[in-house]
Amino acid sequence: MIAALVACSQSDVPVEAVAIDGGVRVSADASIVRLEVFEGERLVATRHPPGAAREVWVAGVVGTELRVTLEGGDTRDVAITTAPARVAVAGEGLVTVDHVAFPALADGSPDLARDADAIALSAPLWPRAGDRGPHLFAFRAVTLRSEGGTVDVVVSQRVLNGSQAADGFGPPTALGTRAPGAVMVRVPGGGESTVALPVYVDRSSVVAGTYAFETVATPLGGAEPVFDHRPVYVSRGSRVARVGLFAALIGGASGGLALLVGTRPFLRRARTSDLTTIALFATVQFVWGVGSQLFASAATTVLGPFAPMLTGLVDEAIRTALMATLVLLIPRPGTVGASITVGYVLRLLALGSVTPIDLVWLGNAVIAHEAALWLVGITRGRGADGPTPARVLRLAAGLAPAALFTAATALAVHVAAYRLFYADWYVAMVLLGPSFLYVFGACALAVPFADALRRVRP
Amino acid sequence: MIVAEGLGYRFTSGEVVGPVDLHVRAGELVVLTGPTGAGKSVLLRALVGLASRHGQGDVLGKVRIDGVDPADVAPAARVALVGFAGQDARDQLVAGTVGDEIAFGLESAGASRAVIDHAVATWADRAGVPPPTHRPTMALSGGERHRLLVAAVLAGGARALVLDEPLAHLDAAGTRDLVALLRALASEGCAVVVAEHRLAAVWGIADRIVAIDRGLLVADAAPAAFPYASLRALGLWSPDAPPATPLAASPPGPVVARVSDLVVRYGNATVLDRVTLDVRAGERIALLGNNGAGKSTLLGALAALPGALLVPQDPDLALFRPTVREEITYGPQEHGSRDVEGKMSRVAVALSVADLLDRPPQALSRGQRLRVAVAGMLACEPRVLLLDEPTSGQDPEPVARLFDALVSLGVTVVFATHDRDVARRFATRAVVLDAGRVTYDGPVEGVQERLSAPIERGVPVAFPTAAGLDPRLRVLLVFGVATVAAVVDRPVAVGVLLAVTGLAIAATRPDPRDVLRGFVLWAAIAWATVVSQGLFYSMAPRTPWFALGPLVVWTEGVRYGLVQSLRYAVLLSAGLALVTSTSVDRLLAALVRLGLPFGGAFLAASALRFVPVVAGEALTVRAARAARGRPVWRRSPFAWLALEVALVLPVAARALRRAQVLAEALDARGFDPVAPRTERDPLRFRGLDLAVGGVAFAAVVAVVGLRFAFVLYTTDTAWSPVLLPLYSFTRRWL
């Protein structure tokens, strides 16, 4: 066991450091802003302690020189020298881990801003500069109690995945190894002491799951270390949901821009009868939606989250069929966008539904449907003639992907905005059923509907 | 004032209406008449410049109104040139309130507010529409609506007025008042052209009668000099026509339908008051009375009796099958008849639709559609057939064909009508309703003297006033609440939001039924959300609550779903508070001021105004289908679903027709979706608005900012030790 006594060479502020088990503990009577540990000429570790820490534990580092920057910018270089440690010897079985707070701040107080026993990481959308390697996530405040006399205890911790040390939680070391960090603390007899152990997370490699913190408290002079195991839950945002959200925001912005730029020219060019037809189809869609809501409520009561598979047949499919019919009756760019927008504003007027999420949905729906229908030629005058199956397929080739994109992005926005959870199979089921396959059925209805409505006489 | 030379119209099929020459002087009232299909409507639309905008064909000849071709003028200028209105006023009213309706054309024309306010006051008075001018147009009676429509199309200052069958849906009182208004307008120098086949009502006020047939002029003369023979040849009423000869009546048989002491109330209004009526086999009963007297309600009550079938006022709403053949055979097939084809043939021949069997009903003329609808009902062999206003919009000839067929088939009929000539000729008995009471029940000959003075009765409708916060602020507040609801997570924060929105709703004193509907909707959403989150909760730690086979419901997920449901409740209640406290017109104005193009916002508002109408029509189609078919529980779910889906077509067809009418009404009123308009009642932020808005804005920014910083901290993205207390606050309370 080696203890190091660090003396400040140029200042009257006392500084003390204890190096133990491959680490260095530095304490000063002023807040420590920055620490640089040197081994000879080589810089082996740099630390920016969080908060106004006056005591810093640099784990897994062995050094000979120390540069300390104190609050106010005062920087000192100090040489590390060794000296014999004063050690209190423990009695057997008298030290216990009283309680643990995670996450905690550097001073050992619980971090009330974060969920207890949890590490929440954002979704790894793409490799971010600086993500690789250990990052200080938080501290664990381990409170030890001694029922006997004063005792010095070496405390270390590691994260276990099952019975093995988990990857991605080790502290940084000079040699890139994953040696566990450790710190020595003196526990007064009959009293307790708290030590803050840093928790490092490698954001590029840690995967979501349930792990365990293993705390090992070894009283100096004692025979048996004390072990403490507590769970820690690691969660990560969904990469798919993050991609969906990104697509939704891009799509929403594009659709919003299209509406901003295209609405006035569309309104200026359109015949009044086309505009009123769009409006009254929105009325029919709304009425149908309200009517089917009664059915949907009953179905939802029975089927819960699986109700969309049934209600989609009665609700979304018919409203999609009406929209498709409208596009076939007025096959021009802007028709479907106007229909979607009028329908949205109608719901706003009737139900007061005006949320940021609605606006993102609106943009996505408009851009996806306009683009898809233009690409398959429906709004370029193709699809009016020919055998019915071919017309149905052409229409569905435009509307089904558009509906799928709109529903997927809407789901992603809901998941992000309302922090919802869905199983992958459920998402796939809902998207492929009501938002894709049912659209084919809607198009099969729409073509004969449109043919019949073209013959309508006053 | 109006000069049309060689006026005509060539349809895309090649069929041509016209040419017709028509000259109308200022102060002259000209009635254009002719049988159904003569071309009256298309000529009128060509006359006012609408045919070129709305039809696929070509307008022929030359038209000048006050020296200008109406087809060439800009929308805003059209308002001051010529006023035009079609048949059904309900479909042509373009605004939500009386004042906005009269102001619409002037707003399109960019008139000053002073001019608009003066016009609104003047024309509301002239139309005989009682104050206040912010009364909803849906609260008006049929007669009031039509007079308002005439006032609205003339408020822009036009000195020419063209009306297409304005009396089609009016009762005696409405007819009398509108005719008086038209005569007064002509006397003040307005050139008035009215297309009408109810000649008896307008004969006395017309300066000239112009008769056309198959698009060509038959006669053009003052009433006193008009050749009556030409009218009789066209199957129209003429002053020298002998009184209608009643059709033969067989002695009434046993009672087939009966209502006793029937009382029907809508809210506080009593629509039928202790009505008793026996219908005997073989009778043809005419229900007479003013609009709102309770005729349709009584027919609806009779339709609920076994063996009674009702053909609604709009025959389109009884047609839901793809072909006429399927329409007629639907009922017999549903009831398992062994003689489906025989029944179909009998009624198809009797009603002259046998040559239409393979055609889609929606592609037929209105008269043909009416006969198909009646045929569909008769094929079910009802004990009594109920017809709601079968004469509406029809000239005498097709009505006669219909009733002749009914007589030949020996059908027991109860029909509501405003046309006393029809009643006199076809009915064996008359029942007069007045304000929900039967005031006469006896031979048709005795009816004339017993009709009481007309009453105007609209629908009692509550309407929000303009008091309170600026509607733009209300919209933004809802947006802010929704934003905050999305970012906060703690039940206490969502609960506070819910309390705020709940108080806002309570302040508007909503209809408890609306609140109940909202609650039911929320409960269904909440249930689905709780179950889904209970099943799919993926955060750790999670604790199994119970398992259903492989499906585990997690306690934390259920708890989370409940919070999420509260969030939905906030969104629903905020929306409800907005729409119950703000009229559609104010919301429309708010959206326009917030940047939505007028055209888009206006279309949405129009769509909303027609929601109750379309919903009523959908229910009518459904009722007509249900009356002829088996009950729902006696068919497979897929068959039921297919029938429900089939409802869409007639409703959509009706919407398409209404869209055409509305478009004409808008064009006649100078509608331009992108041109600048005068705001009659501009919105202005007041001190209270600014104070409330400022506080709300600060609160939203603070909450969103705190949550954003918190998320950056908890995901280890960025943080500052200075903000640690705020992170803790956010975690605990937000």
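Reminder, nothing fancy here: chain letters follow the sequence lines and each chain counts from 1. All figures in this text were calculated on a predicted structure; none of them were measured in a lab.
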Between [X] and chain A, with a heavy-atom cut-off of 4.5 Å, which part of the residue counts as in contact: side chain, backbone, both or neither?
X        : value
B:Arg658 : both
B:Leu619 : neither
B:Tyr560 : side chain
B:Thr714 : both
B:Asp489 : both
B:Leu535 : side chain
B:Val488 : backbone
B:Leu662 : both

Let me know if [X] has heavy atoms under 4.5 Å from chain B in its side chain, its backbone, both or neither.
X        : answer
A:Leu260 : neither
A:Phe286 : side chain
A:Phe306 : side chain
A:Ile119 : neither
A:Ile278 : neither
A:Phe281 : side chain
A:Leu445 : side chain
A:Tyr426 : side chain
A:Leu322 : side chain
A:Ala307 : neither
A:Leu275 : both
A:Arg264 : both
A:Ala116 : backbone
A:Ser235 : side chain

For chain A, which candidate among [options] shows the most heavy-atom pairs at distances under 4.5 Å?
options                                : value
B:Leu572, B:Leu576, B:Val487           : B:Val487
B:Val645, B:Leu666, B:Val711           : B:Val645
B:Pro725, B:Ala523, B:Ala653           : B:Ala653
B:Gly480, B:Ala574, B:Ala482           : B:Ala482
B:Thr730, B:Leu587, B:Leu578           : B:Leu587
B:Arg567, B:Arg517, B:Glu617, B:Gln660 : B:Arg567

Drop me the distance from [X]'s [atom1] to [Y]'s [atom2], to the nearest 0.5 angstrom.
X        : Y        : atom1 : atom2 : value
A:Thr272 : B:Asp667 : OG1   : CG    : 3.5 Å
A:Leu313 : B:Glu644 : CG    : CD    : 13.5 Å
B:Leu571 : A:Ile357 : CG    : CD1   : 7.5 Å

Contact between [X] and [Y] at the side-chain level, heavy atoms closer than 4.5 Å - yes or no?
X        : Y        : answer
A:Trp288 : B:Val651 : no
B:Val648 : A:Thr325 : no
B:Leu649 : A:Leu453 : yes

For a quick test of reading the model, state the closest non-hydrogen atom pair linking [X] to [Y] and the distance between them.
X        : Y        : answer
B:Ser532 : A:Tyr422 : OG-CE2, 4.2 Å
B:Phe536 : A:Trp425 : CE2-CZ2, 3.5 Å
B:Ala663 : A:Thr276 : CB-OG1, 3.5 Å

Inset, instruction - Before giving the answer on side-chain contact (heavy atoms from CB on, under 4.5 Å), spell out for B:Leu656 and A:Thr277 the whole-Å C-alpha distance, their side-chain angles and the decisive distance to 0.1 Å. - result: CA-CA 6 Å; B:Leu656 211 55; A:Thr277 301; 3.5 Å; yes

Inset, instruction - Report yes or no: is the cationic atom of A:Arg114 (NZ for Lys, CZ for Arg) under 6.0 Å from the centre of the six-membered ring of B:Tyr713, at an angle within 45° of the ring normal? - result: yes

Legend entry - Whether over 12 other heavy atoms sit under 6.0 Å from A:Arg454 CZ: yes

Inset, instruction - Verify side-chain contact (heavy atoms from CB on, under 4.5 Å) between A:Leu280 and B:Arg654, making sure each step is shown before the conclusion. - result: CA-CA 10 Å; A:Leu280 284 164; B:Arg654 187 69 188 84; over 6 Å; no

List the atom pairs, donor and acceptor, that lie under 3.5 Å between side-chain atoms in residues 596-615 of chain B and the rest of the protein, sequence neighbours left out.
{"unit_1": "B:Ser606", "atom_1": "OG", "unit_2": "B:Phe602", "atom_2": "O", "d": "3.0"}
{"unit_1": "B:Arg609", "atom_1": "NH1", "unit_2": "B:Leu93", "atom_2": "O", "d": "3.1"}
{"unit_1": "B:Arg609", "atom_1": "NH2", "unit_2": "B:Leu93", "atom_2": "O", "d": "2.9"}
{"unit_1": "B:Arg609", "atom_1": "NH2", "unit_2": "B:Val94", "atom_2": "O", "d": "3.1"}

Legend entry - chain B interface, residue from A:Ala423, A:Ala120, A:Pro356, A:Ala417 that has the most non-hydrogen pairs under 4.5 Å: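 Most heavy-atom pairs under 4.5 Å with chain B: A:Pro356.
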
